[in-house]
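Below you'll find the structure, written out as structure tokens, and then a few comments.
In this text the structure is predicted, and so the values were computed from the model without any measurement.
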Amino acid sequence: MNSDPAHDKPAVEPNTVDALQRIKQKLAAFLEPSNLEQLRPTLSYQTGVLAVFALAASILLGFADLATRDVIQQRLAEDLKASLEAVVPADLYDNNLLADTLALPSAEANLGAAETVFYLAKKEGKVNAVCFKLIAPDGYAGPISLVMGVDKNGEILGVRVIAHVETPGLGDKIEISKSKWVLDFNGKSLDNLSVAQWAVKKDGGVFDQFAGATITPRKVVQAIKRGLELYRTHQTQLVGSANTEAE
């Protein structure tokens, strides 16, 4: 008489059943209201409850992060694209600014980053301008984040403030939505202004300061000048070599 080992073998080992039964009994005993009432004042119980809630919160945050990560990245890319388009005229390029980039060292430029990503504005393969983000790390209330567009000759096409914590009603006039002050940078370069002119008027320069808020515009002017110097340092890499490859 033949036997089928698969059918002869118990579905669950007896030891396993016993272990599960013991766990079930311990859990039931632990969850007894009288036991919980006794444990509630103890430090280990409070710690355990806190750990359970922390674990649950961590799991929920993890799922939320996974669910929203792509959307957040898409929104950040859209915001960056809008900022770049604000400082480089559309007729200067026909490429995707976000996809055509070159990262170069900038630790010594005092612009808030060890490396700066330059977005190349190309038309028919030739670089007409670049735009990049920079930071004035020493604003009155904190760092001031900016984006600047520069044509291939080093002349400013546009500057916008993208984040700051300056005093509302005073220092926030650096925003294009609050005043036209930032437009005064258009057309300026290291060639058409002297070193002394790259300052606010109170310091002998050509840029207006704000009544009651001189530090904010002063630091923005200084950061923009350093940004132009950074561009000049890498101008050949950014424009010269790229245009040579396109020819």
Side-chain angles (χ1 to χ4, degrees), residues 1-86 96-119 132-147 160-169 171-172 175 177:
M1 181 177 177
N2 295 329
S3 62
D4 187 347
H7 289 167
D8 294 342
K9 187 177 180 180
V12 181
E13 294 291 341
N15 291 340
T16 304
V17 174
D18 292 342
L20 291 174
Q21 285 293 344
R22 286 195 295 273
I23 293 173
K24 183 178 178 182
Q25 291 169 357
K26 288 182 178 179
L27 182 61
F30 177 79
L31 294 176
E32 279 288 332
S34 58
N35 185 57
L36 293 178
E37 188 66 27
Q38 185 178 359
L39 292 175
R40 187 167 289 118
T42 65
L43 179 61
S44 59
Y45 178 86
Q46 300 292 341
T47 304
V49 170
L50 183 60
V52 169
F53 277 102
L55 178 61
S58 299
I59 293 172
L60 289 175
L61 287 173
F63 279 115
D65 178 62
L66 288 174
T68 59
R69 185 176 299 174
D70 291 343
V71 175
I72 292 173
Q73 289 301 321
Q74 182 180 350
R75 293 293 178 269
L76 288 175
E78 290 174 355
D79 288 346
L80 175 58
K81 184 172 183 287
S83 295
L84 300 180
E85 290 175 345
N96 181 353
L97 292 178
L98 296 181
D100 224 339
T101 64
L102 185 61
L104 295 170
S106 58
E108 297 180 357
N110 189 23
L111 292 173
E115 186 177 75
T116 294
V117 176
F118 291 86
Y119 302 87
F132 55 101
K133 293 192 290 185
L134 61 156
I135 294 176
D138 46 4
Y140 177 75
I144 302 170
S145 297
L146 307 128
V147 61
R160 293 291 185 276
V161 175
I162 54 179
H164 72 87
V165 289
E166 300 303 287
T167 307
D172 63 352
E175 293 179 36
S177 61

For residues 45-52, run the donor-acceptor check on the side chains, cut-off 3.5 Å, and write out each pair with its distance to 0.1 Å, sequence neighbours left out.
| from | atom 1 | to | atom 2 | distance (Å) |
| --- | --- | --- | --- | --- |
| Gln46 | NE2 | Arg40 | O | 2.6 |
| Thr47 | OG1 | Leu43 | O | 2.8 |

For this session: With sequence neighbours excluded, tell me which residues meet side chain to side chain contact (heavy atoms under 4.5 Å, CB included) with Ala163.
Result: Ser145

Exercise. In terms of side-chain heavy atoms, does Ser177 have a donor or acceptor partner in Glu175 at a distance below 3.5 Å?
Worked result: yes

Salt bridge (Lys or Arg N to Asp or Glu O under 4.0 Å) involving [X] - partner list, sequence neighbours excluded:
X      : answer
Asp100 : Lys122
Arg22  : none
Asp65  : Arg69

Problem set entry | Validation row: Val147, Leu80 side chains within 4.5 angstrom (heavy atoms) | no

Problem set entry | Contact check, side chains of His164 and Asp172, non-hydrogen atoms, under 4.5 Å | yes

Listing, residues 54-64 side-chain donor-acceptor contacts under 3.5 Å, not counting sequence neighbours, or none:
| from | atom 1 | to | atom 2 | distance (Å) |
| --- | --- | --- | --- | --- |
| Ser58 | OG | Ala54 | O | 2.8 |

Exercise. Does a sphere of radius 6.0 Å around CD in Glu115 hold more than 12 heavy atoms from other residues, nucleotides or ligands, not counting ones at 6.0 Å or beyond?
Worked result: yes

Nearest heavy atoms of [X] and [Y], plus distance in Å:
X      : Y      : result
Val165 : Ala141 : O-CB, 3.0 Å
Thr42  : Gln38  : CG2-O, 4.2 Å
Leu97  : Leu84  : CD1-CB, 3.9 Å
Phe30  : Asn35  : O-ND2, 2.9 Å

How long is the straight-line distance from [atom2] of [Y] back to [atom1] of [X], given to the nearest 0.5 Å?
X      : Y      : atom1 : atom2 : answer
Leu111 : Phe132 : CG    : CZ    : 7.5 Å
Glu32  : Leu39  : CD    : CG    : 12.0 Å
Leu146 : Ile162 : CG    : CD1   : 7.0 Å
Leu104 : Thr116 : CG    : OG1   : 8.0 Å

Exercise. For Ala113, does its backbone N or O pair with a side-chain atom of Ser106 as donor and acceptor, under 3.5 Å?
Worked result: yes

